[in-house]
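Data block below; observations after.
Atoms considered below: every heavy atom in the structure, side chains included; atoms not considered: hydrogens, waters and symmetry mates. One-based numbering, in listed order, for ligands and for the atoms of each.
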Amino acid sequence: MDFKDVILKRESVRNFDPTKPIPREILDRIMEAGRIAPSASNYQPWEFWLVSSREMLEKIHPCYSRQWLHDAPHILIVTGDLEQGWEREDGFNSLQTDLAIAMHQMILAATNEGVGSCWVTNFKISTLRNALGLKDSMQVYGISPLGYPREGFISRTAIMRKPLHEVVIYK
Ligand SMILES: Cc1cc2nc3c(=O)[nH]c(=O)nc-3n(C[C@H](O)[C@H](O)[C@H](O)COP(=O)(O)O)c2cc1C
């Protein structure tokens, strides 16, 4: 898909067909888009979990009660280690920036493959931490369902955003 088409087509999908898992080679290409993402000082402070087994999905589901997340055959979980993030001299840690870039690269790669996704951060963090068995320095940055939209899913007809002149400052 053309780059412009990918960024225009990406949208939050909240309607998944639970009967259609994504083939492994497609999942691999989506994860590869995260692996090659840039990070401050190239520290790559991340781990990407791709949960597909029924057993793990059932442990993850209580973190977010929406049925559409539970319908998705896969859930991507982007985690990172605060101790591995690059730190500026004023103490700013780049972990969250690095994880946002990697996660969005995977989301765009999913769009490019015709796979639906949705950024989710309003999850119950303790549920995820327990399910994944994360050590204290590991943060969960975001999760996304991955799956094919259900037949009859209606794509958005317009992108609701502030106009360019309100958000861009040319000087
Ligand atoms: C950092 C971030 C966190 C988000 N968290 C949630 C969430 O917890 N639940 C949800 O349904 N959507 C969530 N969204 C999706 C936004 O609501 C959505 O991106 C926005 O309304 C624009 O719609 P679009 O993605 O279809 O363009 C999140 C998006 C971002 C970027």
Side-chain angles (χ1 to χ4, degrees), residues 1-18 22 26 30-31 33-35 37-40 44-52 56-82 85-86 92-132 134 138-168:
M1 212 187 280
D2 186 72
F3 176 69
K4 190 166 165 243
D5 291 336
V6 174
I7 57 173
L8 281 174
K9 280 216 162 103
R10 196 239 23 106
E11 66 181 308
S12 294
V13 173
R14 299 183 181 89
N15 191 351
F16 294 94
D17 186 337
I22 302 165
I26 294 180
I30 294 171
M31 304 310 280
R35 186 186 75 82
S39 57
Q44 306 163 64
W46 45 54
E47 273 179 356
F48 312 130
W49 296 67
L50 200 277
V51 178
S52 311
M56 269 306 274
L57 284 170
E58 279 170 9
K59 286 186 185 171
I60 301 293
H61 286 162
C63 84
Y64 194 71
S65 60
R66 302 284 188 276
Q67 186 58 42
W68 50 265
L69 182 86
H70 302 186
D71 285 343
H74 314 274
I75 298 179
L76 168 67
I77 306 172
V78 174
T79 69
D81 192 339
L82 204 55
W86 174 80
F92 166 80
N93 188 305
S94 187
L95 180 70
Q96 297 218 343
T97 310
D98 297 342
L99 298 184
I101 293 168
M103 176 141 170
H104 206 59
Q105 288 207 173
M106 289 185 273
I107 292 233
L108 291 177
T111 305
N112 187 47
E113 300 282 353
V115 169
S117 64
C118 181
W119 270 88
V120 173
T121 55
N122 189 20
F123 43 70
K124 202 195 272 177
I125 184 74
S126 56
T127 306
L128 286 175
R129 298 196 71 85
N130 290 338
L132 304 181
L134 297 179
M138 289 300 282
Q139 295 201 345
V140 182
Y141 183 69
I143 71 174
S144 173
L146 292 177
Y148 294 108
R150 225 187 274 271
E151 225 175 273
F153 167 75
I154 299 166
S155 226
R156 68 177 172 200
T157 49
I159 301 180
M160 307 300 284
R161 296 291 189 268
K162 294 176 183 175
L164 205 61
H165 69 265
E166 273 186 29
V167 296
V168 178

query: At a 4.0 angstrom heavy-atom cut-off, what protein residues surround ligand 1?
result: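 Its neighbours under 4.0 Å (heavy atoms only) are R10, E11, S12, R14, Y64, W68, C118, W119, V120, T121, N122, R156, R161, given by chain and number.
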Less than 4.5 Å apart, side chain to side chain, heavy atoms only: is that true for [X] and [Y]?
X	Y	answer
L76	S117	no
I77	F123	no
H70	P145	no
H61	I75	yes

Only one of I143, V140, L99 passes side chain to side chain contact (heavy atoms under 4.5 Å, CB included) with T79, and that residue is V140
Considering only residues two or more places apart or on different chains, which pairs with a residue in residues 118-128 satisfy side chain to side chain donor-acceptor pair (under 3.5 Å)?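 Only H104-W119 qualify under side chain to side chain donor-acceptor pair (under 3.5 Å).
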